[in-house]
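Structure first, then comments.
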Amino acid sequence: MTTTDSTPSPNFIRNIVAEDVRVNKNEGRVHTRFPPEPNGYLHIGHAKSICLNFGLAAEFKGLCNLRFDDTNPTKEEVEYVEAILSDLRWLGFDWGDRLFYTSDYFEQLCEYAVRLIKDGKAYVCSLSAEETREYRGTLTKPGKDSPYRTRSVEENLDLFQGMRSGEFEDGSHVLRAKIDMASPNLNMRDPTIYRIRKVAHHRTDDKWCIYPMYDFSHCLSDSIERITHSICTLEFEDNRPLYDWVLDELNLDCHPQQIEFARLNLSYTVLSKRKLLGLVEEGLVNGWEDPRMPTISGIRRRGYTPESIRNFCDRIGVAKRDSVVDMALLEHCVREDLNKRTPRVMGVLRPLRVVIDNYPEDQVEELEAINSPEDPGMGTRKVPFSRVLYVERDDFREDPPKKFFRLGPGREVRLRYAYYVTCVSVVKDEQTGEVIELHCTYDPETRGGWSEDGRKVRGTLHWVSASHSLEAEVRLYDRLFEKANPGGEKGRADFKTSLNPNSLETLTSCRIEPSLAGAAPGSRYQFERLGYFCVDSVDVSDERLVFNRTVTLRDSWAKIEKQQK
RNA sequence: UGGGGUGUCGUCAAGUGGCAAGACACAGGAUUUUGGUUCCUGCAUUCGGAGGUUCGAAUCCUCCCACCCCAGCCA
């Protein structure tokens, strides 16, 4: 559990709910719901809504339902409902026995529609989609009444029954609410509430060929479930009068309050199902679970913890203004969590061979290493040391710049938990001039990395024993987009043009310390000095270790180096 | 140029007539066998702008400006 779980920060929705409870509105009940449409995978933006809805219910000892808003069979699939269910469980939320589907209510919804027709509040309109658009008017010009608006109740009842029983083709008729074609709010210009779709539904199959629209079904589903606070995003503000209209006209005793908040935007990525689906369909990423995706399943595979995501959602707040949260905050949250919980381990991403000239050929020492400086309770392990090692290529410079504390010709550094070593010579490839091997000497008096004489070394390097280390593949992930706001830029440029071509770098010859043999899929480690990594949960096998880099460690040397340029 | 919303630090965000919280980021410094972690310090005399009310305004009033959403038989 994270420390912030119990201290929610104030926000306007919480204030509304707290006040409602205080004055005993809804008999003091708090009942929210999370209502995804199963037309894609959940992303971090949904996590904000999930944490808000479930969090409010928990805080005020209420309930939160899970409801699949499955009213459009052309876009929805069981694959998505299953993915959503497993993402929600992984995030750590529990809806008890309150898993619902709007499709559960199709019969009841249909009865409500009939009631509206009988009350003269709805009519069957036989305009084509295009004609409907023309009749609707524009932002500045009022619409015109449909010629079908004055059909009799009997005729409407008959036609709607015909729609339901499959007598008509898709698009030939719709059921519309009779409100006001001159309303300045376009949503109130006789909105469509039922349309014909002769398409199999993932749950009701071909039982229905008419499906209710969002504006009709959502408020009614909320009311049926006796929801008290119906929380949605800002773009539904204009739909609120319609939400209220339906419930008022039907005179329902349970009339939930719709409250809107700003959806999450995150820098360097996009959070829209449509755009994410585009990336998946065009093969620009490897599916919804690609570790670069801001989807819950992508983030999970990347190595994030549910706790870090929930903590992030608590920290970003809830408000009505459009905003873009810095990706650095998400990264901070996962580092904070992983720092406390992961064991440290040594792995060399880009190996450079090092021979310790004065170390006996056949000798191997088992050196003790601490598993976590954050938690001594995690104990220690043995790491083998021998004459031939690998260190990180980045840790050697033939011509070290200022403030470079690592290895260079003639320099002495500490090998973590091992010895002080001094670089005595450099072997280069005759053709390319590339450094391919270092020769060092070690000081036997510094075993464990301490020196009796108190002399100091500036740098401590991670390393592995060449013959004992394991080969591994490591995937380094970076931001998916180069632009901070790829979705929200002005102008016409396609968001995909700012995709980061270097968002994935695969390293195949990495060397990992032997304690990682058989590491479980999904298990997380800190590779010292490099970052947090997890064993990939998809591409694993007995003979192959694959790691995903969740996030780098903060790197103040990188900043210094950048400043020097 | 219809309607609905929103403007508080680089980025989020509290604040609802009485001294502008906090977090991230950033910049310094201390500790450190991870250039990690941790710790300390600094970082909005001013709240989109201009007027007004008031002893007192980010909060109330007036006007203006900017940005976001709405013309699916999507949600």
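Proteins get letters first, then strands, A, B, ... in listed order; numbering begins at 1 in each. All figures in this text were calculated on a predicted structure; none of them were measured in a lab.
With B/A14, B/G36, B/C69 as the candidates, the nucleotide lying closest to the side chain of A/Leu553 is B/G36. Of all nucleotides listed (B/G2, B/A27, B/G35), B/G35 comes nearest to the side chain of A/Arg406. In this structure, the nucleotide among B/C24, B/A75, B/A13 sitting nearest to the side chain of A/Met213 is B/A75. Comparing B/A75, B/U6, B/G36 by their closest approach to the side chain of A/Asp69 singles out B/A75. Nearest to the side chain of A/Thr192, among B/C12, B/C70, B/C73, sits B/C73. For A/Pro184, whose side chain is taken as the heavy atoms from C-beta onward, the closest listed nucleotide among B/G5, B/G15, B/G3 is B/G3. Nearest to the side-chain atoms of A/Leu329 among the listed nucleotides B/A71, B/G5, B/C24 stands B/C24. Taking only side-chain atoms of A/Arg315, from C-beta outward, the nucleotide of B/G36, B/G5, B/C24 with the closest atom is B/C24. Relative to the side chain of A/Tyr214, the nucleotides B/C69, B/A75, B/G35 differ in distance, and B/A75 lies closest. Taking every side-chain heavy atom of A/Asn72 into account, B/A75 is the closest of B/G4, B/A75, B/G36.
By the 30° and 60° cut-offs, the orientation of the rings of A/Phe404 relative to A/Trp557 is perpendicular.
In this structure, A/Ser267 reaches neither bases nor backbone, as no heavy-atom distance under 4.0 Å exists between it and the strands shown. Using a 4.0 Å heavy-atom criterion, one finds that A/Arg189 contacts no nucleic acid atom at all. Residue A/Tyr211 is out of contact with every strand shown, counting any heavy-atom pair closer than 4.0 Å. Contact annotation for A/Lys141: no contact, since no heavy-atom pair falls under 4.0 Å across all strands. Residue A/Leu127 is classed as a base contact, given a heavy-atom separation below 4.0 Å to a base. A/Ser556 comes within contact range of the sugar-phosphate backbone alone, with a heavy-atom separation under 4.0 Å but no base atom that close. Within the nucleic acid shown, A/Arg335 has no heavy atom closer than 4.0 Å to any nucleic acid atom. A/Glu528 comes within contact range of at least one nucleobase, with a heavy-atom separation under 4.0 Å. Heavy atoms of A/Glu260 sit nowhere under 4.0 angstrom from any nucleic acid atom. Among the heavy atoms of the strands lying under 4.0 Å from A/Asn239 is at least one base atom, whether or not backbone atoms are also near.
No donor-acceptor contact under 3.5 Å links the side chain of A/Asp555 to the base of B/G35. With hydrogens and angles ignored, a donor-acceptor pair closer than 3.5 Å exists between the side chain of A/Arg321 and the base of B/U8. At a cut-off of 3.5 angstrom, counting only N and O atoms as typed in the model, there is a donor on one side and an acceptor on the other between the side-chain of A/Glu374 and the base of B/G36.
Ring-centre distance between A/His201 and A/Phe106: below the 6.0 Å cut-off.
Remark: the separation of the C1' atoms in B/C24 and B/A14 is 15 Å, to the nearest Å.
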Take A/Arg149 and A/Asp190, measure what salt bridge (charged side-chain N to carboxylate O under 4.0 Å, His left out) needs, and give me the verdict at the end. CA-CA 9 Å; A/Arg149 200 175 201 261; A/Asp190 288 10; 2.7 Å; yes
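Base orientation of B/G72: syn, since the glycosidic angle falls within 90° of 0.
In this structure, A/Thr71 does not reach the B/C74 phosphate: none of its side-chain N or O atoms is under 4.0 Å from OP1 or OP2. Not one side-chain nitrogen or oxygen of A/Asn187 sits closer than 4.0 Å to the OP1 or OP2 atom of B/C69. Between B/C74 and A/Arg195, a contact under 4.0 Å exists linking OP1 or OP2 to a side-chain N or O. Between A/Arg136 and B/G72 there is a side-chain N or O to OP1 or OP2 distance below 4.0 Å.
In this structure B/G2 sits in a base pair with B/C70, meeting the Watson-Crick or G-U test at under 3.5 Å. With a cut-off of 3.5 Å on both Watson-Crick or G-U wobble distances, the partner of B/C63 is given as B/G49.
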